[in-house]
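Below is one structure, written out as structure tokens, with a few remarks after it.
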Amino acid sequence: MVLDQEYGMDELPLVANKLAEFVSSYHLFTFEGDLGAGKTTLVKAICDTLGVWDKVASPTYSLINQYQASKENRTFPVFHIDLYRLDSAEEAYHAGVEEIIQSNDLCLVEWPQRLPDLLDGRRIEVRLRVSASGGRRIQVYSHEN
Ligand code: ADP
Ligand code: MG
């Protein structure tokens with residue numbers, strides 16, 4: 001486990017910064033947690049940290065949103081994928097999800113459980129849940145394969 005803490009909205013930028021440190025060595029980040037656990041909020045905060053100016057919102061209907069990050073004179077695409085409404089692996093394939101994940105572009109994926117292949121790749125696994133305090137508990141694991 002590389003991170004385990006509780007955070008409120010005030011600590012969100014700090015948590016996002018810690019996660020963004022992994023962007024140089026990992027391109028796949030998966031976010032698991034119930035509806036309302038704070039996945040999209042955290043993705044948005046990570047995008048802020050990466051210098052994304054586009055509006056970050058859950059790509060619920062399209063499955064995939066693409067943003068442009070610009071940090072330290074470098075620009076790169078960020079793919080935000082939300083598989084909550086995914087019905088089949090075929091649908092993901094047709095939407096181009098596999099292709100994006102196999103590329104080296106940064107992918108931030110909500111509801112990876114919908115596409116089990118996603119759960120055994122090299123990645124940063126983020127797990128979120130509502131904590132008793134009303135904040136959120138984040139647990140992060142790094143996987144080499
Ligand atoms: P998800 O994408 O997991 O369904 P959202 O990111 O949409 O969840 O967040 C749901 C709600 O939880 C939002 O109103 C958001 O402001 C709130 N929230 C997110 N993170 C925190 C936090 N650390 N502390 C308190 N509220 C939070
Ligand atoms: Mg969401």
Side-chain angles (χ1 to χ4, degrees), residues 1-71 75-143:
M1 188 146 40
V2 295
L3 182 62
D4 181 3
Q5 72 169 82
E6 288 194 16
Y7 67 101
M9 288 301 279
D10 49 337
E11 291 144 307
L12 178 64
L14 240 140
V15 168
N17 265 305
K18 285 186 191 174
L19 284 170
E21 283 174 19
F22 292 100
V23 166
S24 53
S25 34
Y26 290 84
H27 67 84
L28 177 59
F29 290 64
T30 59
F31 298 82
E32 290 170 72
D34 292 340
L35 279 178
K39 300 179 295 298
T40 303
T41 304
L42 183 55
V43 166
K44 212 177 279 189
I46 293 169
C47 286
D48 284 348
T49 296
L50 297 176
V52 169
W53 286 91
D54 308 284
K55 180 182 183 310
V56 175
S58 235
T60 306
Y61 297 100
S62 53
L63 292 183
I64 304 168
N65 277 355
Q66 180 175 350
Y67 315 125
Q68 186 79 2
S70 33
K71 206 176 160 76
T75 67
F76 56 94
V78 179
F79 290 94
H80 179 192
I81 300 176
D82 187 338
L83 300 177
Y84 182 61
R85 285 173 202 277
L86 187 72
D87 292 316
S88 64
E90 285 71 35
E91 187 189 349
Y93 181 80
H94 287 300
V97 172
E98 271 89 347
E99 200 180 335
I100 290 168
I101 291 187
Q102 281 159 22
S103 77
N104 280 319
D105 291 329
L106 179 59
C107 300
L108 309 175
V109 185
E110 298 184 48
W111 293 98
Q113 311 95 298
R114 295 281 194 270
L115 204 55
D117 279 2
L118 281 183
L119 299 175
D120 54 34
R122 186 171 193 279
R123 65 181 169 126
I124 294 292
E125 172 190 354
V126 179
R127 294 184 164 272
L128 295 177
R129 60 187 138 93
V130 177
S131 61
S133 60
R136 301 295 187 268
R137 170 86 175 274
I138 182 171
Q139 293 180 305
V140 182
Y141 305 84
S142 61
H143 298 281

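Just so you know, ligand 1 is whichever comes first in the structure, and atom 1 is the first atom listed for that ligand. Note that the coordinates shown come from a computational prediction; the quantities given were computed from them, not determined experimentally.
- Atom CG of residue Asn17 and atom CG of residue Leu12 lie 10.0 Å apart, to the nearest 0.5 angstrom.
- Under the rule for a ring-ring contact (aromatic ring centres under 6.0 Å, His included), the partners of Tyr67 that lie at least two apart in sequence or sit in another chain are His80.
- Listed by chain and number, the protein N, O or S atoms at a distance under 2.8 Å from the Mg ion (ligand 2) are Thr40 OG1, Glu110 OE1.
- Counting heavy atoms from C-beta on, the side chains of Leu42 and Phe29 never come closer than 4.5 Å.
- Between the CD1 atom in Ile81 and the OG1 atom in Thr30 there is a gap of 11.5 Å [rounded to 0.5 Å].
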Under 3.5 Å, side-chain donor or acceptor atoms of residues 1-9 against the rest of the protein: list the pairs with distances, not counting sequence neighbours.
from	atom 1	to	atom 2	distance (Å)
Asp4	OD1	Arg137	NE	2.6
Asp4	OD1	Arg137	NH2	3.1
Asp4	OD2	Arg137	NH2	3.2
Gln5	OE1	Lys18	NZ	2.7
Glu6	OE1	Ser131	OG	3.4
Glu6	OE1	Ser133	OG	3.4

Ligand 1 N/O to protein N/O, distances under 3.5 Å:
from	atom 1	to	atom 2	distance (Å)
ligand 1	2 (O)	Thr40	N	2.9
ligand 1	2 (O)	Thr40	OG1	2.8
ligand 1	2 (O)	Glu110	OE1	3.4
ligand 1	3 (O)	Ala37	N	3.3
ligand 1	3 (O)	Gly38	N	3.0
ligand 1	3 (O)	Lys39	N	2.8
ligand 1	3 (O)	Lys39	NZ	2.7
ligand 1	4 (O)	Gly36	N	2.8
ligand 1	6 (O)	Thr40	N	3.2
ligand 1	6 (O)	Thr41	N	2.8
ligand 1	6 (O)	Thr41	OG1	2.6
ligand 1	8 (O)	Gly38	N	3.1
ligand 1	9 (O)	Thr41	OG1	3.4
ligand 1	12 (O)	Arg136	NH2	2.8
ligand 1	18 (N)	Arg136	NH2	3.4
ligand 1	23 (N)	Tyr7	O	3.0

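- The main-chain N or O of Asp34 is never found under 3.5 Å from a side-chain atom of Arg129 such that the two would form a donor-acceptor pair.
- For Asp105 (side chain) and Phe79 (main-chain N/O), no donor-acceptor pair under 3.5 Å exists by modelled atom type.
- Shown here is Tyr93, whose OH atom has no more than 12 heavy atoms of other residues, nucleotides or ligands within 6.0 Å.
- Counting heavy atoms from C-beta outward, Leu118 and Trp111 have side chains that stay 4.5 Å or more apart.
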